[in-house]
Amino acid sequence: YELIDEVYKEIENIGIQVNTFERIYFSTENETMKNFRRLTGVANIVKPYREVDEPVGKIVFGDESNDNILKLASILASHPKAYKFDFIRSERVLYEILPKGNSKGDVMLRIADILGIDHRKTVAVGDYSNDVSMLKMAGVGVAVANASEDAKAAADRITVSNEEHAIAKVISDLDKYFDL
């Protein structure tokens, strides 16, 4: 909460959502949070972040201003407790605080281990910065054609855009990725 307090003091009108393992709470409202709910259909459950009494999975900040997102990243990175967390820009307007070691890549490999799947036989498909760890850790990382440049750079392959049934295309191309 100290990191959130610091951001909240420094950036007016920053959107803040708290993601628990059961729900998403909206602690501060702005246009980005309204758009997020409109696009995802998530319910507008309002609760101040310090009053959330469930285990927190991640904190998401949102702002339409790139300058504010960059300022936010700087504030978080320079905080004395930053070493305890991972930070990721998950969309152009969203920036997240995650517990250390809970990137998409880390979680994908843990799931593979639980299911007894060889890490070399995993495939990840992504389109943005928050997918980079997953694309790098997968046996085959595939970025969609309209992915961010960092996602494309992390990928082993590029497929069609996410508006052209990319997942279906990746599934149909599995034999090209592995000796099936």
Side-chain angles (χ1 to χ4, degrees), residues 3 15 17-25 32-33 35-43 54-64 66 69-70 72-74 76-77 82-180:
L3 280 78
Q17 66 174 256
V18 178
N19 291 243
T20 70
F21 299 98
E22 300 295 324
R23 15 190 107 64
I24 297 175
Y25 296 101
T32 304
M33 293 299 138
N35 289 337
F36 178 87
R37 284 193 306 277
R38 184 178 48 78
L39 291 171
T40 62
V42 172
E54 302 169 50
V56 174
K58 69 179 176 179
I59 303 296
V60 180
F61 295 96
D63 200 286
E64 297 298 313
N66 188 56
I69 296 291
L70 294 175
L72 161 71
S74 176
L76 292 173
Y83 70 93
K84 294 182 176 186
F85 302 95
D86 288 325
F87 306 104
I88 190 73
R89 191 167 186 171
S90 55
E91 288 187 28
R92 183 187 63 77
V93 297
L94 299 177
Y95 199 84
E96 301 180 6
I97 299 175
L98 301 162
K100 183 68 78 181
N102 281 307
S103 70
K104 286 185 178 184
D106 295 321
V107 173
M108 177 195 66
L109 295 182
R110 283 199 301 268
I111 291 170
D113 289 342
I114 290 166
L115 296 173
I117 297 170
D118 182 336
H119 293 181
R120 294 171 298 182
K121 296 291 185 179
T122 60
V123 177
V125 182
D127 69 347
Y128 208 73
S129 301
N130 61 328
D131 298 319
V132 167
S133 67
M134 181 177 64
L135 293 169
K136 286 181 175 180
M137 291 180 184
V140 178
V142 183
V144 295
N146 57 333
S148 66
E149 291 306 313
D150 56 337
K152 287 180 181 177
D156 301 303
R157 302 186 183 237
I158 309 294
T159 191
V160 298
S161 85
N162 61 1
E163 297 176 4
E164 300 175 82
H165 308 289
I167 299 300
K169 175 72 172 144
V170 169
I171 291 169
S172 73
D173 289 344
L174 282 177
D175 61 331
K176 295 176 186 174
Y177 305 152
F178 303 108
D179 294 327
L180 299 178

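For the single chain, residues carry numbers from 1 onward in sequence order.
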Let me confirm one number: the CG-OG distance from L135 to S133, rounded to the nearest 0.5 Å.
8.0 Å
Stepwise side-chain hydrogen bond (donor to acceptor under 3.5 Å, both in side chains) check, N146 with D127:
CA-CA 7 Å; N146 57 333; D127 69 347; over 6 Å; no
Any idea which heavy atoms bring A143 and A151 closest together, and the distance?
CB-O, 3.9 Å
What's the verdict on side-chain contact (heavy atoms from CB on, under 4.5 Å) for F85 and I59, showing C-alpha distance, side-chain angles and the deciding distance?
CA-CA 11 Å; F85 302 95; I59 303 296; over 6 Å; no
How would you list, by chain and number, every residue that makes a salt bridge (charged side-chain N to carboxylate O under 4.0 Å, His left out) with D173, sequence neighbours excluded?
K169, K176
Interatomic distance, L98 atom CG to I88 atom CD1 [nearest 0.5 angstrom]:
8.0 Å
Between E96 and D86, is a side-chain contact (heavy atoms from CB on, under 4.5 Å) present by the stated rule, with each step listed?
CA-CA 8 Å; E96 301 180 6; D86 288 325; over 6 Å; no
Please find the pair of heavy atoms, one from E54 and one from E22, that lie closest to each other, and give the distance.
OE1-CB, 3.6 Å
Pick from V140, V142, V144: which one makes a side chain to side chain contact (heavy atoms under 4.5 Å, CB included) with V170?
V142
Around H165, counting heavy atoms of other residues, nucleotides and ligands shown, do more than 12 lie under 6.0 Å from its NE2?
no
State, yes or no, whether a side-chain contact exists between I97 and F61 at a heavy-atom distance under 4.5 Å.
yes
Please enumerate all residues that pass side-chain contact (heavy atoms from CB on, under 4.5 Å) together with V42, with sequence neighbours excluded.
I24, F26, F36, T40
CG of L115 to OG1 of T122, rounded to nearest 0.5 Å, is 11.5 Å
Gap separating the CZ atom of F87 from the CG atom of L76, nearest 0.5 angstrom:
5.0 Å
Side-chain contact, heavy-atom cut-off 4.5 Å: Y128 with R92?
yes
How long is the straight-line distance from OG1 of T159 back to CD1 of I171, given to the nearest 0.5 Å?
11.0 Å
When every non-hydrogen atom of G105 is compared with those of M137, the smallest separation belongs to C-SD, 3.2 Å
Could you check whether any side-chain N or O of T20 sits under 3.5 Å from a backbone N or O of P55, counting only pairs where one atom can act as donor and the other as acceptor?
no
Measuring only between side-chain heavy atoms, which start at C-beta, is H119 closer than 4.5 Å to D113?
yes
Show the nearest heavy-atom pair for residues P99 and G57, with the distance to one decimal.
CD-O, 3.1 Å
Residues in salt bridge (charged side-chain N to carboxylate O under 4.0 Å, His left out) contact with R120, at least two apart in sequence or another chain
D118
Nearest heavy atoms of M134 and V125, plus distance in Å
CE-O, 3.5 Å
Given 3.5 Å as the limit, does a donor-acceptor pair link the side chain of S161 with the main chain of A145, or not?
no
For S129 and R89, which heavy atoms make the closest approach, and how far apart are they?
CB-O, 3.2 Å
Mind checking the CG-NZ spacing from N130 to K104? Nearest 0.5 Å is all I need.
4.0 Å
Is there a donor-acceptor contact under 3.5 Å from the side chain of D63 to the main chain of G15?
no
